[in-house]
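Naming convention: chains lettered A, B, ... in sequence-line order (proteins, then strands); numbering from 1 in each chain. Below, each value reflects all heavy atoms present in this structure, side chains not excepted, and no hydrogens, waters or symmetry copies.
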Amino acid sequence: MTKWLVTCAWPTSSDIPHLGNMVGSALSADVFARYLRLAGEEVVYVSGSDHHGTPLEVEALKKGVSPKELADSNHARISEVFKKWLISFDNYTTTESEVHKRFVREHYMRIYSHPGNIFTRAEKIHYCPFDKRFLPDRFVEGTCRFCGFGNARGDQCDNCGRPLDAEDLVEPHCVICGRRTELRETTQWFFDLPRFRDYVAAYLDRSNLSPNVISFSKAWLREGLRPRSITRDSKWGIPAPFPGAEGKTIYVWMEDVLGYVSALIEFFERSGNPDGWREFWFGKDAKTSFFIGKDNIPFHSILLPALLHASGEPYNEPSLISSTEFLTFSGQKFSKSRRIGIWCDEALSLMPADYWRYVLIALRPEGSDIDLSWASIEQIVNNELNDAFGNLVNRTLTSVKRFCGGVFAVDSSTLRPEEAEYLKEINARHLDIGTLYSEAEIKSACRKILEQATSANRYLSSTQPWSVYKTDKASGDSILYAALNAVKLISIELLPIIPGAAQEFLRQAGFFRRSKPSWSDTGLDADLPLQVGEVSPVFYKVDGSKLEETLESLRAEASAGTRA
RNA sequence: AGCGGGGUAGGGGAGCCUGGUUACCCCGCAGGGCUCAUAACCCUGAGGUCGGUGGUUCAAAUCCACCCCCCGCUACCA
C-alpha cells in the first residue's frame, strides 16, 4: 500500500472558483484521490484557501473591511461550495491557519540556517505616500511608455501587450487612491534559486513527470533561474522570520506551495498523530501529487522541489504533477470583471454536482484549451450521462425485475461461453481504466468508461435477452449476468467521477450490500442473490438554452437584491 | 519580442518520438433496425487538401525549413 498525498492548487479566497478553476485542480485531484482510495491506497487529500496577497487586501480596502474578515467569509463560502461539489478533502484549511504560519516561518529559518541560501538586496518599488504602502506593479497604473495607452498596469500594458517594468509607466498612480506613486528603495530577502539549478535539473531527469511539465521546466532552466524574492512590504501575510525583516511579510507564492506540507501536518495534528505526516513526505513508500493549471507549472516543478531540498530535510520529490490547459467559455476566457463563464456556486442551481463533475471531466483540457458551451453541456449530459449510462443501468435492472421477478441468484458457474468471453472483454477494459486513473489520465479514463457502457448496450442489443427469455430461461440468465456485471464495473469506474450517482447505481442494483465498494471487487457472485428494489432513472435530460436563461435570471435577481 | 504547448471531419481525442496498405475512436448528423429501457438502444452511411508553403524520401499527419492562428509563461496576479 502506498501513502499518497493528493493536493491541488490553493484557490485564492478573493472569489468563489469558476468552472475553469475547478476542473484542473480541486475536481481532478478529487477524482484521483477517490480512485486511489477505491484501489486501497492510503490517501490524504489536502488544500486550502490562499488568504494572502494584494488582490484580497485591495478588495477588502475597497469594501471597508479587514482582509481577515473578507478572507474568512469568502473561505466559508468556498468551503461550502467544495462540499456541495463532493470534493473529498481530508483537510481544507487556509493560509491563515496557525499551523501553516508556524510551519512556513520554521521552514524558511531552516533554509536560512544554511549560509548562502537567502540573501538581501535593495530594490526600487512603487510607493504610495497617501496610503503609506508599497504597491506590487499590478496595482500601479499609468501611461504606457511604448504605446501611450493611458490605463496600462505596472506589470503589463493591456493595449500593446508588452510586459512592463515599474519604470516604464509615465505618471504612475496608485489603483487604491488614484494618487501619484513614487519609486522608493526597500530591502528584500531573496531565495537563491540558481544555487539549486543542478539539483532541479537532476530531479527533472530522474522524475516521471509528464512531457509537457518537463519541457516547460527545462526551458526555464535553459533561460537561467533567477533569485526569487521571499518578502514583501505588506502587512497582510505571514511575518517574515528573518533577523532584520521586521514589518515584512512572505510573498504568497513562497508560502502557498509550503501549504502542501503544512496542511498535511495540520491534518495529522488534528487526528492525534502529530508525526504521521512525516511518513507521507519522507517515507519510502510515499508519493505526492499536485493538480494545477498550466499557468503554475514552474512553481511546482522547480520552486517547490528547490524549497524542500534547501531545508536539508529528507523530503520526497514531487512524484506527479498533473497540469491542465484552460477551459474557455463559449469561445471567450473566463472573466470575473466581465462575468464571462459559470461560477461553481451558481452552477449548482442549474444542475446537480455530479452532472457538472461529469461534464468537466469529459471535457478536461489535457492537450489544448477546450471550449465549454451550453450546447456541449447539453450534449454530454443527455447523450453520455443520461442515455449511455443512465439508460443502460435502467434497462438492465428493469430486465431483472421483468424477467426474474426482481431477484437474481444465478451464479457464474452457469454462464455460457459467449458471456464468459464478454466478461473477459469488460474485465480487461476495467484494468485499462484503472491504469489510466493511476496515471492521472482522467479524461481518457472517462472516455473508456463510456466505451464500457457502449459495449454493454451493444451486447444487450445483439443478444436480445427479452426474446431469449421467452424460450430459454437459462440463456437469458446468462446474458443478464453479464449485463449486471458490466453495470457493476461501470458503477465502480464512475465512483471517482460522479460519486453520488454511481453510489445510487450500486444501491438500486443491490451491489456491495455487505462490503464497501472496491476497485478490484469486480465479480458478481459475492453479491448474489441480488434484490433489485425500486428502479428509477438516475439522470434527467437538460436543455442548454433553458439552463442559460435560468442563469441569466438568477444573476438578474442577485444584482437586484444587491441594489435593494 | 523571446520561450513552451497546441492546430487531425461540426465538437472532442488517438496516431507524430521510432515515416509504409482504404488516417482510427467517441459525440453529433443522415438512413435503417429493434422494442428490455429514460423518443432510449443497435447497425450502416455521409463528412478530412491531417493549419499553410516549400523541402528530404520510392513513400510524409509523421522528418527538416519558413510562415499563419490559438493559449500560456517571461519571475511583483494567483
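- Rounded to whole Å, atom P of B:C26 lies 7 Å from atom CZ of A:Arg458.
- If you take atom C1' in B:A65 and the same atom in B:C73, they sit 26 Å apart, rounded to whole Å.
- Distance from the side chain of A:Phe216 is smallest for B:G72 among the nucleotides B:A75, B:C41, B:G72.
- B:A61 and B:U22 have their C1' atoms separated by 16 Å, with the value rounded to a whole Å.
- Between A:His126 and A:Phe139, the ring centre distance reaches or exceeds 6.0 Å.
- Residue A:Gln379 places its side chain closer to B:C27 than to any other of B:C27, B:G72, B:C41.
- At B:C26, none of the side-chain N or O atoms of A:Lys448 fall inside 4.0 Å of OP1 or OP2 (strictly under the cut-off).
- In this structure, A:Asp369 places its CG atom 13 Å from C1' of B:C73, rounding to the nearest Å.
- Under the 4.5 Å side-chain criterion, counting only non-hydrogen atoms from C-beta, A:Phe334 is in contact with A:Leu327.
- For the pair A:Lys218 NZ and B:U74 P, the computed distance is 21 Å after rounding to whole Å.
- With contacts defined as side-chain heavy-atom distances shorter than 4.5 Å, the pair A:Ile230/A:Gln188 does not qualify.
- A distance of about 31 Å separates the C1' atoms of B:G11 and B:U18, rounded to the whole Å.
- The nearest whole Å value for the distance from the CG atom in A:Asn457 to the C1' atom in B:U35 is 14 Å.
- We find that CG of A:Asp371 is positioned 15 Å from P of B:C70, with the value rounded to whole Å.
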Test log, rule salt bridge (charged side-chain N to carboxylate O under 4.0 Å, His left out), inputs A:Glu59 and A:Lys336: CA-CA 13 Å; A:Glu59 195 163 327; A:Lys336 184 184 172 183; 3.5 Å; yes

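- The interatomic distance linking A:Arg228 (CZ) with B:U74 (P) rounds to 8 Å, in whole Å.
- Counting atom types as modelled, A:Asn394 pairs no side-chain N or O with a base atom of B:U38 as donor and acceptor under 3.5 Å.
- Aromatic rings of A:Tyr203 and A:Phe196 (six-membered ring for Trp) have centroids beyond the 6.0 Å cut-off, not under it.
- Phosphate proximity of B:G13 to A:Lys443: present, with a side-chain N or O under 4.0 Å from OP1 or OP2.
- Rounded to a whole angstrom, the distance from the P atom of B:G4 to that of B:G28 is 39 Å.
- B:C24 sits 32 Å from B:C71 when the P atoms are compared, rounded to a whole Å.
- To the nearest whole angstrom, the two P atoms, one in B:G12 and one in B:U49, are 16 Å apart.
- B:C50 sits 10 Å from B:U62 when the C1' atoms are compared, rounded to a whole Å.
- Pairing for B:A30 is with B:U44, a Watson-Crick or G-U wobble pair whose two hydrogen-bonding atom distances lie under 3.5 Å.
- Going from atom CZ of A:Phe389 over to atom P of B:C26 covers 14 Å, rounded to whole Å.
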